[in-house]
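The chains referred to below are lettered A, B, ... by the order of the sequence lines, with proteins before strands, and numbering in each begins at 1. Given the structure is predicted, the values throughout are model-derived calculations rather than measurements.
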Number of protein chains: 2
Amino acid sequence: MVVREDRKEQILDKAVAVFAEKGYYKATTALVAKAAGVTQPYVFHFFKNKEELFNAVIDRAVGRLYDTFMQVEAPADQLAESMGKAFKQILQTNRDVMIMVMQAHAISEPAIRMHVREKFRLMNEVFIAKFEAAGMPNPRAAAGHFLSIGLLITLSDVLELPELLQCEKGCI
Amino acid sequence: MVVREDRKEQILDKAVAVFAEKGYYKATTALVAKAAGVTQPYVFHFFKNKEELFNAVIDRAVGRLYDTFMQVEAPADQLAESMGKAFKQILQTNRDVMIMVMQAHAISEPAIRMHVREKFRLMNEVFIAKFEAAGMPNPRAAAGHFLSIGLLITLSDVLELPELLQCEKGCI
DNA sequence: TATTATTTATTTATTGATAAATAAATGATG
DNA sequence: CATCATTTATTTATCAATAAATAAATAATA
């Protein structure tokens, strides 16, 4: 027997990996439950439905990404590169989080779509602010480019095509 | 009554829109059938299963993208920009094709994943060759960057967040 | 402190819906 | 009438979600 909040955290914790590996539709609530060590119906004791579960997991995941990027400190001319490295670092330390967030826009469920949209809108705003504060010349362009790198890294990782990131001299 | 091949083409033709709008899992074979003006079970007369249908649709879609990019002619120093514009053009003229291809890697079905992987591997190769032939300095980097722009444009479009592409001076 | 009441955690069993896929029947046409 | 096109009817499987039941923990009270 575990107190409610702990159990909920535990489910959220384990769900990321399931959603990242299987994708929203193939990630059954039974699989999430199993990963968390509880029974399938019990998941619905904490989350109204599967969509709400997913959105809660997304909240945490985006929070993680957010924290990591906010920690990056570098002079304007190196910030973009440092942030890019942070992306690759996250892929190594928190792969599930990255994969899940960077593929979330492919889910057509309206409630999820709306939620994901808001997350990306916010992330973009935050990135622009950070790049701007660092005194970068084109913060909006940099933010967009930064996101696009995240998408490419994820694509490369998911499809197991490292050559997509491979370029001439050290690259990214 | 229509001859077999025509009907098959018709199904493939209509399926793109359904897959693009709904995503693989929410795009039921019934919806595809309805869009093509046939009954649901009849779809299986042309495709062994849903996965095969999807892969066939992807083949066509990638072919379209391929054709469009191959048509782009520009001197080395303007090629990247011209290709970027081609992306945006495709989004306007063949939105479904673009959306579908650029989100296909989020499908976890092994047979589809493998197929999509091969398509991207090939596209990347082709892009590199094109950039190289044009005499661009870093063809691999350019190809990767090019793909990443495609991903970002798609994200921006799907989430209805035009600001992700908005940057300081005209942009992309 | 022993006993009872009440809450909180969790499971088992079940339902209803959806969707892919198969098989059998019907219709058209050369 | 034989062949190809197409539909109707049906099966099977999967899964989210609900409901009912059990077990464990905590609180109340005598």
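When the nearest nucleotides of DNA chain C are assigned to B:Y25 and A:H45 by heavy-atom distance, the more 5′-ward of the two goes with A:H45. Between B:M1 and A:T29, the one whose closest nucleotide on DNA chain D sits nearer the 5' end is B:M1.
The shortest distance between the side-chain N/O atoms of B:Y42 and the OP1/OP2 oxygens of D:dT6 is below 4.0 Å. Side-chain N/O atoms of A:R7 include none lying less than 4.0 angstrom from OP1 or OP2 on C:dA9.
When distances are taken from the side chain of B:T28 to each of C:dA21, C:dA19, D:dA17, the shortest belongs to C:dA19. Listed nucleotides D:dT8, C:dA9, C:dT12 differ in distance to A:T39; the shortest reach to its side chain belongs to C:dT12. In the set C:dA20, D:dA16, C:dA23, C:dA23 carries the atom at the smallest distance from any side-chain atom of B:P41.
Put simply, CD on B:Q10 is 9 Å from P on D:dT6, counting in whole angstrom units. We find that NZ of A:K26 is positioned 9 Å from P of D:dT14, with the value rounded to whole Å. Straight-line distance from the CD atom of B:E109 to the C1' atom of C:dA19: 13 Å, rounded to whole Å. Atom CZ in A:F46 sits about 16 Å away from atom P in D:dA17, given to the nearest Å. We find that NZ of B:K34 is positioned 15 Å from C1' of C:dA19, with the value rounded to whole Å. In this structure, B:E5 places its CD atom 14 Å from P of D:dC4, rounding to the nearest Å. The interatomic distance linking B:E52 (CD) with C:dA21 (C1') rounds to 13 Å, in whole Å. Across the protein-nucleic acid pair, B:F47 atom CZ and C:dA19 atom C1' stand 18 Å apart, rounded to whole Å.
Judged by distance alone, the side chain of B:K130 and the main-chain N or O of B:V72 form a donor-acceptor pair under 3.5 Å. No donor-acceptor pair closer than 3.5 Å links the side chain of A:R121 to the backbone N or O of B:L161. Of the possible polar contacts, one joining the A:K50 side chain to the A:A27 backbone as a donor-acceptor pair under 3.5 Å is found. Side chain of A:R113 to backbone of A:H105: a donor-acceptor contact under 3.5 angstrom is found.
Put simply, the side chain of B:I107 reaches to within 4.5 Å of the side chain of B:F54, judged on heavy atoms. The shortest distance between side-chain heavy atoms of B:E21 and B:D96 does not fall below 4.5 Å.
Counting atom types as modelled, B:Q40 pairs a side-chain N or O with a base atom of C:dA21 as donor and acceptor under 3.5 Å.
If one axis is set at each end of the helix from C:dT1-D:dA30 to C:dG30-D:dC1 from five pairs, those axes are 10° apart, to 10°.
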* Run the ring-ring contact (aromatic ring centres under 6.0 Å, His included) check on B:Y25 and A:Y24 step by step: do they pass? -> CA-CA 10 Å; B:Y25 296 103; A:Y24 179 73; 9.6 Å; no

